[in-house]
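Reviewing the structure listed below.
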Amino acid sequence: RAMTTAATLISDALIELGVIGANESPTPEDAAFGLRKLNQLMQRLSTTRQAFPVLTEISVTLTGAQSYTIGPSGTSSTARPVSINSATAADANGVEYAVSVITRAEWDSIAVKDVTGGPPEYVWYQAENTNGLVHVYPKANGYTLKLDCQVLLATFATVSSVLYLPEGYETWLTLSLADDMAQAYGRDVSADTRRRLAAAAAGVKRVNAEPLYLSVEDRSEFNIERGY
């Protein structure tokens, strides 16, 4: 992993745009503006699955309730997830069972939700402003729900804040930030910068991509992206 700071990313983005020279530093006003744009970029990337090097696992102890709060002030204190990608439930012996993550419409289609049993079969995640609610069906007790979640990417509190990034991310963030800041400085993003940005984005997404499989009737698997 590479260590960088917000100041480095902002300076490199401004150099890319020709706003400052290679041996110059941003003004305090430019640095403050760059920090805002950088944090906006990080928030936007938080909604993109393939921007994530890993998913965060959040564990919830099931006590027979219908729903559980996860987030900064929730039952499971953590950053509020953007979404839940997959889930399992482990019993007291450590045996794990697959749990389907369903949509709001699918949850609403369950006519009788006040059902007790186990292991849980479905979860529906309801994101709220500060926390999120995980709804569980059926209501189970004695299991640990394990949720693979997308959470918000780390943001920079100050320009001197340090962030450790996986390989390829620093280039991607620098060029993305330059692209986001260009209009404010009346600059056009060069074709070369756009080419390198597209290549950097593709590289990160390729590393983070997981094959998509479609089950067919003979129980074989078809890789949608590969084509066979």
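Below, each value reflects all heavy atoms present in this structure, side chains not excepted, and no hydrogens, waters or symmetry copies.
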> Which is it for Y97 and T88 under the side chain to side chain contact (heavy atoms under 4.5 Å, CB included) test, yes or no, and what are the steps along the way?
Replying inline: CA-CA 5 Å; Y97 303 86; T88 60; over 6 Å; no
> What's the spacing between L163 CG and L38 CG if we round to 0.5 Å?
Replying inline: 8.5 Å
> So among I10, V162, L9, which one has a side chain to side chain contact (heavy atoms under 4.5 Å, CB included) with F156?
Replying inline: L9
> Can you check whether S161 reaches T158 side chain to side chain, under 4.5 Å on heavy atoms?
Replying inline: yes
> Hey, is CZ on F33 packed in by over 12 heavy atoms from elsewhere, all under 6.0 Å?
Replying inline: yes
>> With rounding to the nearest 0.5 angstrom, report the OG to CG distance, S11 to L177.
In response: 10.0 Å
> How long is the gap from CD on Q43 to CG on L45, to the nearest 0.5 Å?
Replying inline: 10.0 Å
> For T171 and A200, which heavy atoms make the closest approach, and how far apart are they?
Replying inline: CG2-CB, 4.1 Å
> Minimum heavy-atom separation for K139 to A65, with atom names?
Replying inline: CG-O, 3.8 Å
> With distance as the sole test, does S176 use its side chain to make a donor-acceptor pair with the main-chain N or O of L173 at under 3.5 Å?
Replying inline: no
> Shortest non-hydrogen contact from Y143 to P120?
Replying inline: CG-CD, 4.3 Å
> Would you say D148's side chain and N85's backbone share a donor-acceptor pair under 3.5 angstrom?
Replying inline: no
> For the ring-ring contact (aromatic ring centres under 6.0 Å, His included) test, which of W124, Y125, Y68 pairs with H135?
Replying inline: W124
>> Assigning hydrophobic clusters by single linkage (Ile, Leu, Val, Met, Phe, Trp, Tyr; side-chain heavy-atom cutoff under 4.5 Å), is L197 placed with L41?
In response: yes
>> I need the minimum non-hydrogen distance between V123 and A87, along with the two atoms involved.
In response: CG2-CB, 4.2 Å
>> Please say yes or no: joined through hydrophobic side-chain contacts below 4.5 Å, possibly via intermediate residues, are I102 and L62 part of one cluster?
In response: no
>> Return the CG to CD1 distance between L147 and I84, rounded to the nearest 0.5 Å.
In response: 4.5 Å
> For V136, does its backbone N or O pair with a side-chain atom of Q66 as donor and acceptor, under 3.5 Å?
Replying inline: yes
> What's the shortest heavy-atom distance between A178 and V189, and which atoms?
Replying inline: O-CG2, 4.5 Å
> What's the spacing between Q150 CD and T56 OG1 if we round to 0.5 Å?
Replying inline: 9.5 Å
>> Applying a strict under-4.5 Å side-chain criterion to I, L, V, M, F, W and Y, I'd like to know whether W172 and L35 cluster together.
In response: yes
> Does N93 offer a backbone N or O that forms a donor-acceptor pair with the side chain of D91 under 3.5 Å?
Replying inline: yes
>> With a sphere of 6.0 Å drawn around CG of N129, does it hold more than 12 non-hydrogen atoms of other residues, nucleotides or ligands?
In response: no
> Between R80 (side chain) and E128 (backbone), is there a donor-acceptor pair under 3.5 Å?
Replying inline: yes
> Can you name the nearest heavy-atom pair linking S73 to T130, along with the distance?
Replying inline: OG-CG2, 4.4 Å
> Are side-chain heavy atoms of P26 and I20 found at a separation under 4.5 Å?
Replying inline: yes
>> Is it the case that the side chains of T193 and D179 hold a donor-acceptor pair, with the cut-off being a distance below 3.5 Å and no angle test?
In response: no
> Should Y185 and D30 count as side-chain neighbours, where that means a heavy-atom distance under 4.5 Å?
Replying inline: yes
> Taking a hydrophobic cluster as the set of Ile, Leu, Val, Met, Phe, Trp and Tyr residues connected by side-chain heavy atoms closer than 4.5 Å, whether directly or through intermediates, do V99 and Y137 fall within one such cluster?
Replying inline: no
>> So L175 and E16, do their side chains get closer than 4.5 Å, heavy atoms only?
In response: yes
>> Could you check whether any side-chain heavy atom of E121 comes within less than 4.5 Å of a side-chain heavy atom of S100, counting everything from C-beta outward?
In response: no
> Between OG1 of T63 and CG of N141, what distance do you get to the nearest 0.5 Å?
Replying inline: 6.5 Å
> Can W107 be reached from V115 by stepping across I, L, V, M, F, W or Y side chains whose heavy atoms are under 4.5 Å apart?
Replying inline: yes
> Does the side chain to side chain contact (heavy atoms under 4.5 Å, CB included) test come out yes or no for V19 and M181, once each step is laid out?
Replying inline: CA-CA 10 Å; V19 175; M181 296 172 67; over 6 Å; no
>> Atom CG of residue position D188 - does it have more than 12 heavy atoms of other residues, nucleotides or ligands inside 6.0 Å?
In response: no
